[in-house]
Asker: 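Sharing a structure, written as C-alpha cells. Questions coming.
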Amino acid sequence: MELTILVPCFDEQCVLEEFHCRLMATLKLLNITREVLYVDDGSQDRTAELLDQFALSENVRALHLSRNFGKEAAMRAGINDAQGRAVIILDCDLQDPPELIPLMVHEWHKGFEIVNMQRRSRRCDSWVRKTAARVYYAAMDQLINDFNVPKQVSDFRLIGPDAVTAIRAMDDSAGVLKILVSWLGYPSTEVNYDREPRQAGKTKWTSLSLLNLGADSILAFSIRPLRMYSYLSTTSFAAGLIWVVGTAMFGDITQQHLLVQSILLLSLGTAVVGEYVGRVLTVVSPRPHALCKRAQP
Ligand code: UDP
Ligand code: MG
C-alpha cells in the first residue's frame, strides 16, 4: 500500500457524507494503491455509525477510540495504524480540500518527504484566531531556533515513508505533531492553498485548547523559557544584593520592594519549572497516546 489518507473525526455527522463523496471522487483519479483511515475520536453523535458504513467499501477503514483523546492523539493513533507507506492528514470539515491530494502526491514523487499545505490567508478566521496565530508564530520564532517551523501550516500535510517510520519509532507523547515533523528535518516543501470555511458543524477548538497547544508546541521543543527565567532570577538576585547593600549603607529604603520581588520570582519559578515537570511526567508515563474501543466490524 502506497498511501493512507488519515482523517481524524470528532462529532462531524453534519459534514461527513459530503466529505466522503468528495474524497472518493478524488481518489478515483489517483494512480497509486491507497486506503482511507478514519479515526473516530470518541464522537457522541452519529459519526461512528457513518464511518462504519463507509468502512464497508474496499480500502476504507474506521478506527474507534475509546473516548475523545484530542486531535493530536487521534492523528498519532492513525499514523501507528496506517498501512500506507506515506500518510496524508486531512480534516473532515472540508476546510482542507480533498481535491489537492493528487498535487501533494506529485510533490512527494518529486522527492519531498514532507509536503506542507500552507494557507494563503486567514480570511475565514475570527479576529481572535488570527491574533492567536500571530502571537504563536512570533513566540515560535523567538523560542525555537534549532529548526524552522513553517508558518500558516496546520496538520494538512503529506508525511513520507521515512518520516512515518521515524514518528512511529518516537513515542513522544508530549510533542505536537506538526512541530515534530519540522524537527525531523527531512526534505520538505510548502504548497499554497486557499483554506475554505468549515462546511458544517463547528470548530472543536476553544481559546483554552489553543493556548494549551501553543504551550505544548514550545515547552516540548525548547528549554529557552527555563533559561530565560534563570537569567531573570540571576539578574534580579544581583539587583537585590545591590539593594541590600544600599539599604545597609543608606537606611531602610527598599525592604518592601525586595519582599514583593522575591515572592513574584518564587511563584514565577514554580510555574515555569512546574510546566516542565508536568511534561516529564507525560513523557515517562507508560500510557499510550490513545486506546481503541473496537476495530471496524
Ligand atoms: N478533531 C478530532 N478530535 C478533537 C477535535 C477535532 O479528531 O478532539 C478533528 C475534527 O473532527 C476535524 C479536525 O480534527 O476533522 C479539525 O478540527 P476543527 O475543525 O475543530 O479545528 P479547526 O479547523 O477549527 O482548527
Ligand atoms: Mg476545521
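All figures in this text were calculated on a predicted structure; none of them were measured in a lab. We're numbering straight along the sequence, starting at 1.
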Asker: Who passes ring-ring contact (aromatic ring centres under 6.0 Å, His included) against Phe19, sequence neighbours left out?
Answerer: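 Expected list: none.
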Asker: Could you walk me through whether His64 and Asp41 pass the side chain to side chain donor-acceptor pair (under 3.5 Å) check?
Answerer: CA-CA 7 Å; His64 298 276; Asp41 187 14; over 6 Å; no
Asker: Quickly, which of Lys71, Lys178, Arg119 forms a salt bridge (Lys or Arg N to Asp or Glu O under 4.0 Å) with Asp155? Name it, please.
Answerer: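 The residue from Lys71, Lys178, Arg119 that satisfies salt bridge (Lys or Arg N to Asp or Glu O under 4.0 Å) with Asp155 turns out to be Lys71.
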Asker: Quick one: does Thr165's side chain have a donor or acceptor within less than 3.5 Å of a partner on Pro161's backbone?
Answerer: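 Yes, Thr165 side chain to Pro161 backbone: donor-acceptor pair under 3.5 Å.
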Asker: Should we count CD of Glu99 as having more than 12 external heavy atoms under 6.0 Å?
Answerer: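 Enclosed.
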Asker: Side chains of Leu94 and Arg198: does their closest heavy-atom pair fall under 4.5 Å?
Answerer: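 The answer is no, as the side chains (C-beta and beyond) never meet within the 4.5 Å cut-off.
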Asker: Sequence neighbours excluded, which residues qualify as salt bridge (Lys or Arg N to Asp or Glu O under 4.0 Å) partners of Lys204?
Answerer: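 Testing Lys204 for salt bridge (Lys or Arg N to Asp or Glu O under 4.0 Å), a comparison that skips the adjacent residues, returns Glu12.
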Asker: Check whether any side-chain heavy atom of Ile179 lies under 4.5 Å from a side-chain heavy atom of Ile144, and answer yes or no.
Answerer: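 They are in side-chain contact.
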Asker: Under the side chain to side chain donor-acceptor pair (under 3.5 Å) rule, what do Arg224 and Asn145 come out as? Steps first, then yes or no, please.
Answerer: CA-CA 10 Å; Arg224 268 198 169 196; Asn145 296 124; 2.7 Å; yes
Asker: How long is the gap from CG on Leu3 to CD1 on Ile101, to the nearest 0.5 Å?
Answerer: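 One finds 7.5 Å between CG of Leu3 and CD1 of Ile101.
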Asker: Could you check whether Arg67 makes a cation-pi contact with Phe69, meaning its NZ or CZ is under 6.0 Å from the centre of the six-membered ring and within 45° of the ring axis?
Answerer: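 That pair qualifies as a cation-pi contact.
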Asker: Out of Leu158, Leu6, Val7, which one pairs with Ile89 under the side chain to side chain contact (heavy atoms under 4.5 Å, CB included) rule?
Answerer: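 Going through Leu158, Leu6, Val7 one by one, the side chain to side chain contact (heavy atoms under 4.5 Å, CB included) with Ile89 is satisfied by Leu6 alone.
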Asker: Under a 4.5 Å cut-off applied to non-hydrogen side-chain atoms, are Leu65 and Cys292 in contact?
Answerer: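 A side-chain contact exists here, since the closest heavy-atom pair is under 4.5 Å.
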Asker: Return the set of residues passing ring-ring contact (aromatic ring centres under 6.0 Å, His included) with Phe54 (not counting sequence neighbours), or none when no residue passes.
Answerer: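 ring-ring contact (aromatic ring centres under 6.0 Å, His included) list for Phe54, sorted by chain: His20, Tyr38.
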